[in-house]
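Data first, discussion second: the structure below is written as structure tokens.
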Amino acid sequence: MTTTPADSLLDRARALDAADPLRAHLDAFAEAPGVTTYLDGNSLGRPLRDIPEKLAAFVRDDWGTRLIRSWDEQWMALPMELGDRIGRVALGAASGQTVVADSTSVLIYKLMRAAAAADPDRTELVIEAGNFPTDRFLAEGVAAETGMTLRWLEPDPVHGVTIADVEAVVSARTALVSLSHVDYRSGALADMPGITAAAHEAGALMMWDLCHSVGVIPMQLDEWGVDLAVGCTYKYLNGGPGSPAFAYLRHGLQGVLRQPIQGWWSAADIFAMGPEYVPSGDIRQLLSGTPPVTSMLAMQGMLDLIEQSTIEGVRAKSQSLTDLAVRAYDEVLAPLGVRLLSPRDADLRGGHVTIGHPDFRDVTRRLWADGIIPDFRFPDGIRLGLSPLSTSHVETITGVLAVRDALESGDF
Ligand SMILES: *Cc1c(COP(=O)(O)O)cnc(C)c1O
């Protein structure tokens, strides 16, 4: 009997799963009937198995029984407590600098607008032409509102923004450099400490969008001197659709920068109900109105799992998964004319691998109908999003082989 490339990839995947120190966590996630392979945890993380019971207990006890008393007992502090937890588990951020609120888009606006107003002599915002649309659109809005000039970086689409790219555009006019830590398309991982230092060298503030890195890439926001950061909780933090985002504002800028949506939750004394606005001098100034408490429940169990696994352990498994995906790409997809659109070096890559082929839109539709769920990105990319705690090596290979089978058979 001859061993096919598919057999040997599956053997390798089984061996890696058997040796995976985090494999027990795979069972913590709810089953999805009809789905054999979920490769989209980078867009919407799976629910943990115990979420229905936790939600039911919340409705029964915290809301249903404690009623409005729960605000004092626990909910008022939740945006800050949960922020601290994300900071400690995933961001390398000491307490008092992270809050959970709003959506990523709204928090980007608040922080960009605050940074734009920080120094009247600085009139430029540096952003990237390939960044996620919401980040670009918000920067355009802030520029229109403030009269600032946008300086667009146009980096290599696979390898992403480099220190040199940033050094080439920053100057004494730069107010803010705003970039994504992991590129949502290619998965390229930016050099956060190096680029932050380059922005600071020019006297600019540095903001990072952590949507595709929080919960999968270790980082040290405090140590690396990051000024501002924003990220999603429904991707690798499995908070559920529309779960609120988080924002980080380093201690030294609190009470200095001021976000513009100055609702009552951002005031120094929420219940003073006084005639005029006095901003809170701490991280709470980033809040605006009543926080979405129910939507903050699901991410808490995932933070427990990441804490148990350690973020370094999660990253090690992520690299193992993406390395295997690239190896499988080389063996069974490259021969079919598929392009690799992510960096080859795992240290330069986040948690997903992107591949390209003109037929991928149709292939994706076919795979979804068959219970194999990767992510399609216009114009012809498939993202293999490998959320480390919920994805096995065998699942990864099953997904790659399904892409191969569809392309080979032409049946899509
Ligand atoms: C997912 C994502 C967002 C999402 O923003 P929302 O306000 O939650 O819709 C923003 N930026 C990046 C880079 C993302 O990947």
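The first residue in the sequence is number 1, and the count goes up from there. Each ligand, and each atom within it, is numbered from 1 in the order the structure gives. Just so it is clear, the values below take in all heavy atoms, side chains as well, and ignore hydrogens, waters and symmetry mates.
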Return a yes/no value for [X]: is any of its N or O atoms, backbone included, closer than 3.5 angstrom to an N or O of ligand 1?
| X | answer |
| --- | --- |
| D209 | yes |
| T134 | no |
| N131 | no |
| S180 | no |

Take W71 and W265 through the test ring-ring contact (aromatic ring centres under 6.0 Å, His included) and record every step on the way to the result. CA-CA 13 Å; W71 278 113; W265 278 66; 5.8 Å; yes

For ligand 1, indicate whether the residue [X] contacts it via side chain, backbone, both or neither (heavy-atom separation under 4.0 Å).
| X | answer |
| --- | --- |
| I108 | neither |
| C211 | side chain |
| S43 | neither |

Worked verdict on D269 versus V278 for side chain to side chain contact (heavy atoms under 4.5 Å, CB included): CA-CA 8 Å; D269 181 349; V278 180; over 6 Å; no

Sequence neighbours excluded, which residues qualify as side-chain hydrogen bond (donor to acceptor under 3.5 Å, both in side chains) partners of Q319? D347

Run the numbers on K317 and S309 for side chain to side chain donor-acceptor pair (under 3.5 Å), then give the verdict. CA-CA 10 Å; K317 175 153 183 201; S309 311; over 6 Å; no

Protein heavy-atom partner closest to [atom] - residue, atom, separation in Å:
| atom | value |
| --- | --- |
| atom 7 (O) of ligand 1 | S105 OG, 2.7 Å |
| atom 5 (O) of ligand 1 | T104 CB, 3.5 Å |
| atom 3 (C) of ligand 1 | F132 CE2, 3.5 Å |
| atom 6 (P) of ligand 1 | Y234 OH, 3.5 Å |
| atom 14 (C) of ligand 1 | K235 NZ, 2.9 Å |

Any salt bridge linking D119 with R122? Criterion: basic side-chain nitrogen under 4.0 Å from a carboxylate oxygen.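 Yes, charged N to carboxylate O under 4.0 Å.
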
Salt-bridge test for R85 and E81: reply yes if a basic N is under 4.0 Å from a carboxylate O, no otherwise.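 No, this pair does not count.
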
No-hydrogen, no-angle side-chain donor-acceptor test under 3.5 Å, H212 and S180: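 No, because no side-chain N or O of H212 sits under 3.5 Å from a partner of the opposite role on S180.
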
Distance alone, cut at 3.5 Å: any donor-acceptor contact between the side chains of R46 and S390?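 S390 and R46 do not have a side-chain donor-acceptor pair below 3.5 Å.
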
Below 4.0 Å from ligand 1: does a non-hydrogen atom of A245 turn up there or not?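 In this structure, A245 fails to qualify as a contact of ligand 1 - no heavy atom is under 4.0 Å.
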
Considering the options S103, S43, C211, S105, which one meets the side chain to side chain contact (heavy atoms under 4.5 Å, CB included) requirement together with C232?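 The single option meeting the side chain to side chain contact (heavy atoms under 4.5 Å, CB included) with C232 is C211.
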
Which ligand 1 atoms does S103 reach within 4.0 Å, using its non-hydrogen atoms? 7 (O)

Within 4.0 Å of some non-hydrogen atom of H212, the atoms of ligand 1 are 15 (O)

If you apply the rule side chain to side chain donor-acceptor pair (under 3.5 Å), what do you find for Y38 with S387, and how did you get there? CA-CA 9 Å; Y38 188 60; S387 187; over 6 Å; no

